[in-house]
Number of protein chains: 2
Amino acid sequence: MAAIKHTGSPVCVGIDPVFEKLPASLRRWDARRRDRAEALLSFGRGVLEAVTEAVPVVKIQSACFERYGFEGVEAYQRLIHDARSMGLIVIADAKRGDVELSAEHYAAGCLLDYGPDLLGPDALTINAYFGDDGLAPFTQAAQQNNKGIFALVRTSNPGGSTVQGPALESGGSVAEGVGRMVQRLGEMAPLIGPESGLSLLGAVVGATHPKDAAKLRELMPEQIFLVPGFGAQGGRDEGILACFNELKQGAIITASRSVIYAFESTEAVAWQTPVRDEAQRLRDHVGALLGR
Amino acid sequence: MAAIKHTGSPVCVGIDPVFEKLPASLRRWDARRRDRAEALLSFGRGVLEAVTEAVPVVKIQSACFERYGFEGVEAYQRLIHDARSMGLIVIADAKRGDVELSAEHYAAGCLLDYGPDLLGPDALTINAYFGDDGLAPFTQAAQQNNKGIFALVRTSNPGGSTVQGPALESGGSVAEGVGRMVQRLGEMAPLIGPESGLSLLGAVVGATHPKDAAKLRELMPEQIFLVPGFGAQGGRDEGILACFNELKQGAIITASRSVIYAFESTEAVAWQTPVRDEAQRLRDHVGALLGR
């Protein structure tokens with residue numbers, strides 16, 4: 001909340017880099033696995049520098065780094081540490097989930113700090129398909145370590161409806177059923193600040209389904225919505241506004257490819273300049289939507 | 001199928017190690033993150049040696065290794081390589097899942113070989129909550145690289161019912177809805193062998209819900225069921241038998257803690273001996289159930 005107040009806009013830049021799309025200056029044609037992982041780290045650091053003034057939050061996509069093996073995972077964890085060290089709020093987008101004991105291991109490995117030499121993220125995305133006892137170890141770890149969790153409720157991809165869309169006999173969609181579970185589990189954990197009215201257990205709700213988002217907002221008044229799908233994935237203003245509460249709070253709007261690859265459509269010599277400009281545009285756009 | 005025929009029993013040992021539970025000879029009281037990751041790798045290699053004669057398949061739990069940071073991930077990937085090199089069929093139990101592009105990255109990073117210096121697993125567990133277009137990149141990667149996928153349908157934990165249990169308006173439970181999607185997507189990929197009748201897209205179905213397993217078996221005749229929950233998690237013979245098809249094929253029964261920690265309840269000097277004995281007991285038990 002403080003970080004959002006500071007920059008004035010609840011936006012997040014998603015760092016989802018792919019080696020082939022990096023600026024030419026960071027790519028070597030003969031790059032091996034370790035070189036590629038290092039190039040991703042260099043690029044990620046450059047993105048952090050470019051966006052840190054404009055946005056309060058970054059989301060770092062584990063899949064892109066895991067693609068390059070354990071060397072990629074090292075780059076991912078070092079980038080998370082660097083982003084934390086710069087004072088950014090960092091969401092690890094790893095979508096982990098498992099049964100109880102394994103969920104504890106994921107919480108320890110993907111959310112917590114390793115120690116002063118390697119800070120963990122502030123929050124982690126998780127997959128809630130395992131149900132309440134698969135989710136609980138994550139919220140417990142978050143509560144004990146002053147961190148946060150975002151459980152997948154409604155994803156931004158077109159095919160998400162296959163599983164999340166069908167109606168339940170008891171009313172509402174499968175996604176709404178998951179939303180109700182998240183709301184219920186969130187109530188058992190403390191709020192993130194005495195006056196925020198918001199829970200440490202948040203929800204991922206795509207910007208691509210405005211009507212679903214409005215219903216989910218009603219079902220989950222205390223959840224912070226992490227909202228992917230703006231920009232490249234086709235989410236529009238209507239879908240974004242539906243994710244905020246009556247105070248125009250409680251949502252973080254994320255754009256990834258439209259920001260980090262902004263240099264592709266320019267002739268700029270310094271690739272970070274268009275990335276910074278696009279991050280500012282994202283901040284100003286969402287800020288204006290909210291009347292700030 | 002060939003590996004199962006060779007050892008005579010469709011069983012799998014799950015390698016889910018935790019540093020604190022390793023044999024004392026592998027633990028140092030002052031172990032740091034890297035030391036712990038190396039201890040897990042040593043233990044995992046010892047388990048592979050102990051079980052390789054008795055079982056055709058091992059499942060390696062990513063969460064346990066991720067707990068120890070990128071050093072843990074290196075140990076995990078080296079253990080997968082070693083198990084493959086020994087001729088075991090290896091399932092990477094990483095439960096990955098994301099929207100399309102990120103799912104492609106996970107498929108590349110968690111399923112495919114990195115090259116001759118680091119073989120990837122034979123199969124990967126994934127989370128199907130993202131729906132059909134989140135699942136497709138995994139099956140495509142599997143098809144192109146002669147590998148397999150196991151999508152979570154019905155998990156073995158008690159709380160799994162919260163999300164997977166509710167009835168759909170269109171009939172059946174949420175898990176059955178996911179099962180139907182898996183069956184449909186499996187039909188689009190080739191069978192794993194011309195006469196096997198089995199798809200490269202399998203399903204995770206816990207041994208702890210026998211009635212659900214029987215229904216899911218009917219809905220998914222071509223899916224291989226990866227069946228966790230036997231042993232420590234309380235799954236019994238009834239739950240196991242329900243997972244096989246009419247030919248008593250098409251399921252892989254997994255036990256983890258009951259095998260890898262078998263040394264805890266003995267005075268044996270060599271910790272690998274009780275692990276080997278327990279793996280043989282698992283093989284013989286399931287073989288006898290199937291009348292082999």
Side-chain angles (χ1 to χ4, degrees), chain A residues 16 18 33 61 63-74 76-77 93 95-106 108-110 114-115 118 127-136 152 155-170 174 177-178 181 228 233, chain B residues 16 18 33 61 63-74 76-77 93 95-106 108-110 114-115 118 127-136 152 155-170 174 177-178 181 228 233:
Chain A
D16 305 23
V18 179
R33 197 166 63 223
Q61 170 58 262
C64 293
F65 292 85
E66 288 186 56
R67 172 153 213 157
Y68 303 105
F70 60 84
E71 291 100 333
V73 175
E74 180 169 355
Y76 165 77
Q77 296 187 340
D93 194 7
K95 283 143 181 140
R96 295 300 194 260
D98 209 311
V99 299
E100 271 184 290
L101 266 179
S102 302
E104 276 180 44
H105 298 314
Y106 277 132
C110 301
Y114 290 114
L118 206 58
N127 193 314
Y129 190 67
F130 287 90
D132 49 17
D133 61 2
L135 216 148
L152 291 170
T155 62
S156 54
N157 57 317
S161 304
T162 339
V163 172
Q164 301 152 32
L168 295 175
E169 217 175 66
S170 57
V174 171
V178 173
M181 175 184 77
Q233 289 186 55
Chain B
D16 304 24
V18 178
R33 199 166 63 223
Q61 170 59 262
C64 294
F65 292 85
E66 288 187 56
R67 173 154 212 156
Y68 303 105
F70 60 83
E71 292 100 334
V73 176
E74 179 170 355
Y76 165 77
Q77 295 186 340
D93 194 8
K95 285 148 179 132
R96 293 301 193 262
D98 210 310
V99 299
E100 270 186 290
L101 266 179
S102 301
E104 276 180 43
H105 298 315
Y106 277 132
C110 302
Y114 291 113
L118 205 58
N127 193 314
Y129 190 67
F130 287 90
D132 51 15
D133 61 1
L135 215 149
L152 292 170
T155 62
S156 54
N157 57 318
S161 304
T162 338
V163 172
Q164 303 153 29
L168 295 174
E169 217 175 66
S170 58
V174 172
V178 173
M181 175 184 78
Q233 288 186 55

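Every chain is numbered from 1 and lettered A, B, ... according to where its sequence line falls, protein lines coming before strand lines. Fair warning: this is a prediction, and the values are worked out from it, not measured in the lab.
What you find for A:Y129 and B:Y129 is that their closest heavy atoms are CD1-CD1, 4.0 Å. Summarising the geometry of B:S156 relative to A:V99, their closest heavy-atom pair is OG-CG1, 4.2 Å, with the distance given to 0.1 Å. Of all heavy-atom pairs spanning A:H105 and B:A63, the tightest one is CB-O, 3.4 Å.
When A:K95, A:R67, A:R96 are each tested for a salt bridge (Lys or Arg N to Asp or Glu O under 4.0 Å) with B:D98, only one passes: A:K95.
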For the pair A:L118 and B:R33, evaluate side-chain contact (heavy atoms from CB on, under 4.5 Å) and give the outcome as yes or no after the intermediate values.
-> CA-CA 11 Å; A:L118 206 58; B:R33 199 166 63 223; 3.8 Å; yes
Evaluate the side-chain contact (heavy atoms from CB on, under 4.5 Å) criterion for residues B:V174 and A:L168: first the C-alpha distance (whole Å), next the side-chain angles of each, then the deciding distance (0.1 Å), finally the verdict.
-> CA-CA 8 Å; B:V174 172; A:L168 295 175; 3.8 Å; yes
Carefully, step by step, assess A:M181 and B:V163 under the rule side-chain contact (heavy atoms from CB on, under 4.5 Å).
-> CA-CA 8 Å; A:M181 175 184 77; B:V163 172; 3.7 Å; yes
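When the candidates B:G109, B:G159, B:G131 are compared by the number of heavy-atom contacts under 4.5 Å with chain A, B:G159 comes out ahead. For chain B, the option among A:D93, A:D16, A:D132 with the highest count of heavy-atom pairs below 4.5 Å is A:D132. By number of non-hydrogen pairs under 4.5 angstrom with chain A, the leading residue of B:P158, B:P166, B:G115, B:G134 is B:P158.
Interface remark: A:A103 contributes no atoms to any contact with chain B (heavy atom separation under 4.5 Å). Both the backbone and the side chain of A:E74 come within less than 4.5 Å of a heavy atom of chain B. In this structure, chain B has a heavy atom under 4.5 Å from the side chain of A:C110, while its backbone stays farther away. Within the 4.5 angstrom heavy-atom criterion, atoms from both the backbone and the side chain of A:S102 approach chain B. Residue contact with chain B, scored on non-hydrogen atoms closer than 4.5 Å, involves the backbone and the side chain of A:E66 alike.
With hydrogens and angles disregarded, a donor-acceptor distance shorter than 3.5 Å links the side chain of A:Q77 to the backbone of B:F70.
Inter-residue side-chain proximity for A:N157 and B:E100 is flagged as unmet; no heavy-atom pair is nearer than 4.5 Å. Considering only heavy atoms from C-beta on, B:V18 stays 4.5 Å or farther from A:L101 through its side chain. Proximity of A:F130 to B:N127: side-chain heavy atoms (C-beta onward) are separated by under 4.5 Å at one or more points.
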